[in-house]
Amino acid sequence: MDKQQEFVLRTLEERDIRFVRLWFTDVLGVLKSVEVAPAELEGAFSEGIGFDGSAIEGFTRVYEADMLARPDPATFQVLPFGSDGPPTARMFCDILTPEGLPSPSDPRSVLRRALGRAADRGFTFYTHPEVEFFLLAGRPRPGQPVPEPVDNAGYFDLTPHGGAQDFRRQAITMLERMGISVEFSHHEVAPGQQEIDLRYADALTTADNLMTFRHVVKEAALAQGLFASFMPKPFSDQPGSGLHTHLSLFEGDRNAFYEPETPDGLSKVGRAFVAGLLAHAAEITAVCNQWVNSYKRLISGGEAPAFICWGSNNRSALVRVPHHKPGKGNSARVEVRSPDTACNPYLTFAVLLAAGLRGIEQGYELPPGTSDDVWTLSDGQRSRLGMDPLPHSLGEALKIMEDSELVRETLGDGVHEFFLRNKRQEWEAYRREVTAFEIDRYLPVL
């Protein structure tokens, strides 16, 4: 038994923790949990906990259903909410086959494989997400009007006591009690819309933190009689919620993206990485924006990107190269603005890394950047500047993803095929649905 496992078992005893939740996600990024007693953990560390993988979206077929969930002791944290009784802890799990091999259908394993390919080239991949979401005045009910936003405030507004700022303070306190560092928080553009930015970490830790973040934020909202939603675009007339994600590669302690002699401080490695993101942007969109509703955000304008381009400090571009402070070369990074907060972060980080690495490996040339507000340009102007559009719908994104060798290789055949099959079912169900828009617009006059 290693030292981390010993620390977990000792902490359970010292703090009288009676239950431990073992977490993992399905292919769609839905959080799963099984609760075990502390006495079962020693065996779980060595052998894993058995479960029916065929009951989990995208894991296995019925005739190969047996799977194992082995907790990762490095992810042990005591949960900051629950009953007044003994505390409960959680750990994320790696999913294994009965033979003890990493499951090819485990999203955490998909990201681990991508990180392994980066490590083979000497790189460590860091991510820093800006998480946007809506805070609503009540729980949504099927067939009922969408609950009102909790406030009518706007960007950086200071809301009254008892409003969104108190909610953010409580949520951040809960996150930091779990060791998840928060960099900034503020009110976003739309009524009820919040943003909490997590401090940068290696991509696997960040993905675990994002799954924890979504759960903690929902728990904090429910405790106040509110509801937090990570739906990409719940309101037609308001901006959607993005997961603007800052990316960087390090070689040991050196930021591989930094080159002080270049105009934008971006090294040859960084430029090739951005070129890879742009070249494969359409292919990875279905993973970064996996829901029908995701494309309502992407086509809505404002700060949601819909065209493939990059720019220095340009928030209308798909990829932005932020300005870093003088003498802070290790903070050099690039920001990808297309993912939304409802994505599976393990798969999203995996395809973003794969696209960037392909650019480095193949020596892609970075096209000229733009300083224009992309949304104010005409279609003709964008075409002349070589700005191709991102897919306009989930259906279009799936067609492009299906033919992508990069995405298939990154996700693995099983995850790739399940993802396509599941999302096609969602797209076909959406296409068959007669919406309230159609009834209101056409039924009275046709």
Side-chain angles (χ1 to χ4, degrees), residues 129-175 182-198 210 213-245 288-306 315-316 320 335 337-343 345 373-376 430 435-437 439-441:
E130 303 173 2
V131 194
E132 298 174 347
F133 59 95
F134 278 88
L135 194 59
L136 308 177
R139 181 189 288 271
R141 306 289 182 184
Q144 299 296 315
V146 177
E148 292 292 322
V150 74
D151 58 52
N152 197 35
Y155 188 66
F156 267 42
D157 281 356
L158 179 63
T159 54
H161 177 74
Q165 67 180 21
D166 279 359
F167 163 81
R168 293 195 303 270
R169 187 181 301 114
Q170 179 178 346
I172 290 168
T173 299
M174 294 168 73
L175 289 166
V182 171
E183 192 170 47
F184 301 112
S185 73
H186 59 85
H187 200 285
E188 253 299 333
V189 174
Q193 191 178 35
Q194 318 298 318
E195 177 176 313
I196 298 176
D197 299 355
L198 301 185
L210 276 169
F213 178 99
R214 294 200 296 223
H215 184 66
V216 166
V217 164
K218 284 183 174 290
E219 289 279 359
L222 291 173
Q224 296 189 25
L226 306 173
F227 187 84
S229 175
F230 296 91
M231 182 176 176
K233 190 169 171 63
F235 300 103
S236 299
D237 58 348
Q238 297 293 345
S241 292
L243 185 73
H244 303 154
T245 304
C288 299
N289 308 92
Q290 68 165 340
W291 308 99
V292 162
N293 181 255
S294 298
Y295 297 82
K296 303 294 177 68
R297 167 182 167 258
L298 290 182
I299 66 172
S300 65
E303 294 189 0
R315 295 179 184 273
S316 68
R320 182 176 79 98
E335 178 189 0
R337 299 178 63 79
S338 57
D340 58 53
T341 53
C343 71
D373 181 347
V374 178
W375 282 102
T376 65
Y430 175 74
T435 66
F437 173 91
I439 294 296
D440 294 342
R441 192 177 186 95

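In what follows, residues are counted from 1 in the order of the sequence shown. Only heavy atoms go into these numbers, but all of them, side chains included; no hydrogens, no water, no symmetry mates.
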Kindly give the heavy-atom pair with the smallest separation between [X] and [Y], and that separation in Å.
X    : Y    : value
S316 : W375 : CB-CD1, 4.5 Å
P191 : N152 : CG-OD1, 3.5 Å
P239 : A190 : CD-CB, 3.7 Å
R297 : S338 : NH1-O, 2.7 Å
K218 : F230 : CE-CD1, 4.0 Å
A171 : V217 : CB-CG2, 4.5 Å

A side-chain contact here means heavy atoms from C-beta on lying under 4.5 Å apart; do [X] and [Y] qualify?
X    : Y    : answer
D197 : V182 : no
P129 : F213 : no
R139 : P147 : no
I172 : I196 : yes
Y155 : H186 : yes
Q170 : Q224 : yes
Q238 : Q193 : no
S241 : P232 : no

Is it the case that the side chain of [X] and the backbone of [Y] share a donor-acceptor pair, with hydrogens and angles ignored and the cut-off at 3.5 Å?
X    : Y    : result
D340 : S294 : no
T245 : L243 : yes
T341 : E132 : yes

If I take atom [atom1] from residue [X] and atom [atom2] from residue [Y], how far apart are they, to the nearest 0.5 angstrom?
X    : Y    : atom1 : atom2 : result
K233 : K296 : NZ    : NZ    : 9.5 Å
C343 : L210 : SG    : CG    : 7.5 Å
D440 : T435 : CG    : OG1   : 8.5 Å
T173 : R168 : OG1   : CZ    : 12.5 Å

Exercise for review: Kindly state whether the ring of F134 and the ring of F227 have centres lying under 6.0 angstrom apart.
Suggested key: no

**Study point:** D151 versus H187, side-chain donor and acceptor atoms under 3.5 Å
**Key:** yes

Check your understanding: For E183, does the CD atom sit with more than 12 other heavy atoms under 6.0 Å from it, leaving out its own atoms?
Key -> yes

Exercise for review: Could you walk me through whether R337 and R315 pass side chain to side chain contact (heavy atoms under 4.5 Å, CB included), step by step?
Suggested key: CA-CA 8 Å; R337 299 178 63 79; R315 295 179 184 273; 3.9 Å; yes

